[in-house]
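Read the structure below first, then the notes.
Any value given below was found using the heavy atoms of this structure, including those in side chains, with hydrogens, waters and symmetry copies removed. In this text, all values refer to a predicted model and were calculated from it rather than measured experimentally.
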Amino acid sequence: MHDPPREDVAEAIGKCRLAGIKLAMLTGDHPRTARAIAAEVGLLGPDELVVTGAELPADDAALGELLDHDGVVIARVTPEDKLRIARALRGRGHVVAMTGDGVNDAPALREADIGIAMGKSGTDVAREAADLVLLDDHFATIVGAVELGRATYANVRRSLRTT
């Protein structure tokens, strides 16, 4: 059985990195599967850090330090792990965007600065908990939204400065 990543994911990851966005993959998959997918799409960072939810530090400060790198992969993650990860990264001053599609993802979607639910495959609970709902469930759509948001912000700043 093989479920390949969408073709546009690698390009979207590259755009995120050019924009200064750090990425992490949180998945319920087995660590070897997660590593293979992350490597295939170019997500795996230079440290090639792949840990399981069970291996995450109990201390939130240590958790934040462990995850404060680009390309970290956390496999066999639980909903509680996702919530702790969002809190730990926010505690380090990061703006956290978290994706999810299930009922169990709702707390992490709420905790993140920007909760993003999958509109096609997501549950009603995830969509209600999220700040943003992707109608097409594509990661590249998030990148496009960031690009448009940043352009809008720059235009507003520019117009306020010139008036």
Side-chain angles (χ1 to χ4, degrees), residues 1-17 19-123 125-134 137-143 146:
M1 209 159 68
H2 182 63
D3 184 16
R6 290 193 171 101
E7 292 177 16
D8 56 359
V9 172
E11 180 183 346
I13 288 171
K15 286 182 178 181
C16 284
R17 290 194 168 127
I21 298 170
K22 292 181 184 178
L23 299 169
M25 180 171 131
L26 302 133
T27 180
D29 289 342
H30 188 278
R32 284 188 299 226
T33 303
R35 178 186 293 279
I37 292 168
E40 182 178 347
V41 298
L43 173 72
L44 201 57
D47 298 334
E48 295 194 4
L49 181 60
V50 179
V51 297
T52 65
E55 297 169 331
L56 294 174
D59 178 62
D60 283 350
L63 176 62
E65 187 174 333
L66 175 73
L67 302 178
D68 199 355
H69 305 283
D70 183 48
V72 176
V73 176
I74 302 108
R76 297 289 191 214
V77 72
T78 66
E80 294 81 12
D81 294 332
K82 284 183 80 168
L83 180 60
R84 283 191 59 231
I85 289 165
R87 285 183 179 151
L89 291 173
R90 287 187 73 207
R92 290 182 68 87
H94 292 285
V95 174
V96 176
M98 181 78 67
T99 62
D101 60 2
V103 171
N104 292 335
D105 293 323
L109 293 173
R110 282 274 188 215
E111 179 66 30
D113 294 293
I114 304 164
I116 304 167
M118 301 300 134
K120 266 185 161 178
S121 62
T123 63
V125 173
R127 287 192 290 264
E128 287 294 321
D131 302 299
L132 178 69
V133 177
L134 295 182
D137 291 6
H138 289 214
F139 177 72
T141 302
I142 298 170
V143 177
V146 169

Tell me whether Lys82 contacts the main-chain N or O of Thr99 through its side chain, where contact means a donor paired with an acceptor under 3.5 Å. yes
Judged by atom type as modelled, is there a donor-acceptor pair below 3.5 Å linking the side chain of Asp70 to the main-chain atoms of Leu23? yes
Closer than 3.5 angstrom, by distance alone: can the side chain of His94 be matched with the main-chain N or O of Val96 as a donor-acceptor pair? no
Closer than 3.5 angstrom, by distance alone: can the side chain of Arg127 be matched with the main-chain N or O of Gly119 as a donor-acceptor pair? yes
Considering only heavy atoms from C-beta outward, does the side chain of Leu43 approach that of Arg17 to under 4.5 Å? yes
If you draw a 6.0 Å radius around CD in Glu55, do more than 12 non-hydrogen atoms from other residues or ligands fall strictly inside? yes
Which residues share a side-chain hydrogen bond (donor to acceptor under 3.5 Å, both in side chains) with Lys22, sequence neighbours left out: Asp68
Check: Val72 and Leu66 side chains under 4.5 Å, non-hydrogen atoms: no
For Asp29, what residues pass the side-chain hydrogen bond (donor to acceptor under 3.5 Å, both in side chains) criterion, not counting sequence neighbours? Thr27
What are the two closest non-hydrogen atoms of Asp131 and Ile114, and how far apart are they? OD2-CA, 3.4 Å
N/O donor-acceptor pair under 3.5 Å between Arg90 side chain and Glu111 backbone: yes
Any Met98 side-chain heavy atom under 4.5 Å of Leu26 side chain: yes
Counting distance only, does the side-chain N/O of Asp137 pair as donor-acceptor with the main-chain N or O of Lys120 below 3.5 Å? yes
List the steps and the verdict of salt bridge (charged side-chain N to carboxylate O under 4.0 Å, His left out) for Glu11 and Lys15. CA-CA 6 Å; Glu11 180 183 346; Lys15 286 182 178 181; 3.7 Å; yes
